[in-house]
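Reading through the structure tokens given below for one structure.
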Number of protein chains: 2
Amino acid sequence: MKFEAVTIKDIAKALGLSTSTVSRALRDSYEISPETKKQVLEYAQKINYRPNPIALSLKEKRSHSIGIVVSEIANNFFSQVINGIESIAYDRGYNVVITQSHESYHRELSNVQYLASRSVDGLLISVSAETQDLQHLQGLHEKGLPIVFFDRVVENIETHKVTIDNARGAFDATHYLLQQGYQQVAALMNAEYLSITRERLAGYKNAMNKNGLSFDPDLVQYCRHGGLDYEEVEQALDQLFSQQKRPDAIFGGSDTLTTNCLRYLKAHNICMPEDIGFIGFSNIDLSELLSPSLSVVRQPAFEIGKLATSLLLELIESKRPVKTFNTQVLSPSLLIGESSQRIKKAKKL
Amino acid sequence: MKFEAVTIKDIAKALGLSTSTVSRALRDSYEISPETKKQVLEYAQKINYRPNPIALSLKEKRSHSIGIVVSEIANNFFSQVINGIESIAYDRGYNVVITQSHESYHRELSNVQYLASRSVDGLLISVSAETQDLQHLQGLHEKGLPIVFFDRVVENIETHKVTIDNARGAFDATHYLLQQGYQQVAALMNAEYLSITRERLAGYKNAMNKNGLSFDPDLVQYCRHGGLDYEEVEQALDQLFSQQKRPDAIFGGSDTLTTNCLRYLKAHNICMPEDIGFIGFSNIDLSELLSPSLSVVRQPAFEIGKLATSLLLELIESKRPVKTFNTQVLSPSLLIGESSQRIKKAKKL
DNA sequence: TATTTTTACGCAAACGTTCCCGGTATCAAT
DNA sequence: ATTGATACCGGGAACGTTTGCGTAAAAATA
């Protein structure tokens with residue numbers, strides 16, 4: 001029923017050679033005569049022979065492919081990162097296998113195990129919002145599987161990492177809002193223990209302090225599942241807007257959160273920038289076409305993907321075990337639109 | 001260097017059994033005594049044994065995984081389709097391997113061959129804008145590889161297909177623009193021979209006729225690479241706007257085209273809806289937040305993914321070769337925003 | 001008790017490769 | 001003519017599974 005691909009055996013049989021000879025001829029071994037090589041190569045070409053990667057993987061325990069784990073591909077940031085990854089991987093002859101955790105720890109676990117059992121040569125991962133236990137990665141890492149973290153990195157595993165200066169991105173955004181005169185800048189964040197949340201929150205706090213304000217926990221809402229479901233964001237924002245010290249600006253802590261926050265504001269008829277100021281992390285490509293145009297913290301997503309992949313391939317192709325790892329920190333950029341331009345309402349003097 | 005996974009051999013050795021016995025015990029064969037089974041199962045559990053899927057694939061020539069080929073994942077429509085695919089596949093115990101053709105025929109070919117050689121059990125594909133030669137798919141199909149086409153389908157391969165009523169989507173959009181009073185409705189389309197292009201163009205023409213207008217080829221621009229690169233769209237639009245019968249409205253033929261068209265209009269300071277009316281295919285989730293809010297033809301992307309996957313799994317798991325195939329046609333929906341609301345300029349009577 | 005049946009397990013081949021280890025011509029040098 | 005080297009090639013194991021077949025021991029039957 002299933003197609004029978006042509007194998008080395010077929011070539012051997014047809015040419016009256018052994019499989020060893022054919023294999024060697026194909027790999028251009030020195031102990032095969034030029035004539036035989038020519039014969040084999042031509043015949044292989046003719047019948048369109050392709051080595052079976054599964055057999056190769058089984059034997060060599062490597063697959064010339066790398067695994068990717070992200071929370072969601074329907075996400076501007078991650079899909080851009082993936083394009084960066086692919087651009088490098090493809091050039092270097094590696095295939096990529098993309099999987100999504102949907103912010104679920106169990107899904108991530110299952111994906112990682114699947115990829116490992118498929119003998120991927122390395123792993124590129126941004127952990128899920130739920131991930132706290134790192135056994136699954138720790139184990140693979142100790143057994144020598146090359147791993148490079150990006151975006152959401154973890155502390156306890158020593159390997160290459162690629163992030164951006166999250167604190168600065170958050171600082172710049174928050175600082176800008178405060179400088180515009182917004183008083184109550186709320187932060188809509190991802191799960192509390194994620195690296196990106198901690199760092200961005202640090203930047204947020206820092207901006208508050210620099211502007212003479214003290215950190216107010218009531219102004220921070222965490223979305224334990226990254227706000228993938230609109231309902232989660234809705235609940236968080238309902239909470240923020242229900243308290244007496246109503247925020248007059250929001251800092252959106254991730255691409256997904258920003259998008260869903262905008263949807264909330266629209267649904268509740270809360271207008272930027274007059275009712276609320278807004279700046280958020282987002283790699284949406286149409287931010288300047290939104291109404292009002294959106295102020296965003298943009299990450300160099302494509303670059304992150306390229307860099308992470310280069311580092312991973314370095315690990316994979318290194319002859320000797322790599323002992324020194326580094327963390328590359330790229331820079332986010334703050335793009336100002338109208339959503340953060342405070343309009344001074346009729347001032348009461 | 002690479003981790004040595006625990007194998008059936010290890011279990012056999014540890015328990016003083018043969019690999020056959022262990023294998024059968026794990027598969028709960030009737031010819032293994034309950035005690036042995038228990039012993040094996042417990043030990044396997046203890047040392048966290050997982051069957052090696054590569055060895056299985058090699059032997060069984062199936063992998064419990066399905067391959068996806070789309071042009072681009074950084075695309076609202078496709079990423080939503082993929083989520084639909086995954087939601088079904090995951091429930092049914094299948095893994096998905098996502099690949100991108102980037103609208104390149106060669107990339108598609110390479111991906112398809114990779115997936116086939118990786119023994120995917122079936123293929124879900126929306127062909128690239130460049131794809132005209134179907135040998136690569138035809139061959140696999142004849143050899144019995146289950147394939148389901150979605151979105152951009154092909155005629156010459158008889159199998160299940162999932163599309164939407166493209167003609168109606170295009171008709172509705174064009175008709176709406178004409179009814180609004182726009183006179184010169186241009187069409188910005190994908191590659192000419194794609195199914196979606198042909199069908200959508202048919203709907204466009206039909207609307208023209210229904211409104212007493214004849215089809216004008218000069219009002220149609222094709223983007224041979226799907227407008228993935230902004231430059232391609234820019235060139236197409238430059239062309240449209242440079243001719244004497246300047247269009248006063250545009251129908252955007254795909255998600256990517258719509259996005260890049262908006263970018264163009266913004267860059268050239270052409271305002272919707274007064275300078276130009278616009279409706280386009282798009283699954284962007286923020287269309288109502290754009291300025292002006294965007295009129296779009298939206299596809300039930302998640303549903304398409306789910307349906308295509310169900311059909312594929314039906315093919316894969318069918319005992320006997322399937323002979324009758326059907327094409328499922330879902331409905332697009334026209335969501336009207338401000339971008340298509342013609343503002344009557346100071347009329348000259 | 002002798003024979004048949006059942007139960008429970010092991011052997012070995014197969015999937016498509018690679019590669020170690022041989023082996024046999026051929027030919028030049030002694 | 002004998003040796004040694006060189007050039008080419010084949011046999012077979014291994015990777016981790018599954019599975020058809022064979023077979024010992026145990027149980028059932030006569």
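None of these values were measured; they are calculated from a predicted model. Chain A is the first sequence line, chain B the second, and so forth, proteins listed ahead of strands; every chain is numbered from 1.
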Heavy-atom distance under 4.5 Å between the side chains of A/I85 and A/I66, does that happen here?
-> yes
Is any side-chain heavy atom of A/L311 less than 4.5 Å from a side-chain heavy atom of A/V162?
-> yes
Using a cut-off of less than 4.0 Å, is there contact between a side-chain N or O of [X] and OP1 or OP2 of [N]?
| X | N | answer |
| --- | --- | --- |
| A/Y30 | D/dC9 | no |
| B/K9 | D/dT17 | no |
| A/T36 | D/dC9 | yes |
| B/R27 | D/dT18 | yes |
| B/S18 | C/dC11 | no |

For nucleotides 4-6 of chain D, print each protein N/O atom paired with a nucleotide N/O atom at under 3.5 Å, atom names and distance only.
none

Could you check which of C/dG16, C/dC20, C/dC11 has an atom nearest any side-chain atom of A/N52?
-> C/dG16
Please state whether the base of C/dG16 and the side chain of A/R50 form at least one donor-acceptor pair under 3.5 Å?
-> no
So what does [X] touch, heavy atoms closer than 4.0 Å: a base, only the sugar-phosphate, or nothing?
| X | result |
| --- | --- |
| B/L56 | sugar-phosphate |
| A/I54 | nothing |
| B/T7 | sugar-phosphate |
| B/S33 | sugar-phosphate |
| A/L58 | base |
| B/S57 | nothing |

When the aromatic ring centroids of B/H225 and B/Y105 are compared, is their separation below 6.0 Å?
-> no
Could you state the CD-P distance from B/E35 to C/dC9, rounded to the nearest angstrom?
-> 8 Å
Are any side-chain N or O atoms of A/D121 and backbone N or O atoms of A/R62, one a donor and one an acceptor, separated by less than 3.5 Å?
-> no
When B/A55 and B/S20 are each assigned the nearest nucleotide of DNA chain C, the 5'-most assignment goes to B/S20
Where each residue is assigned the nucleotide of DNA chain C containing its nearest heavy atom, which of A/E31 and A/P51 is assigned the position nearer the 5′ end?
-> A/P51
When A/T163, A/L123, A/L137 are each screened for side-chain contact (heavy atoms from CB on, under 4.5 Å) with A/F149, the one that passes is A/L137
Show the numbers, then the answer: is there a side chain to side chain contact (heavy atoms under 4.5 Å, CB included) between A/Y49 and A/I8?
-> CA-CA 8 Å; A/Y49 165 80; A/I8 274 193; 3.3 Å; yes
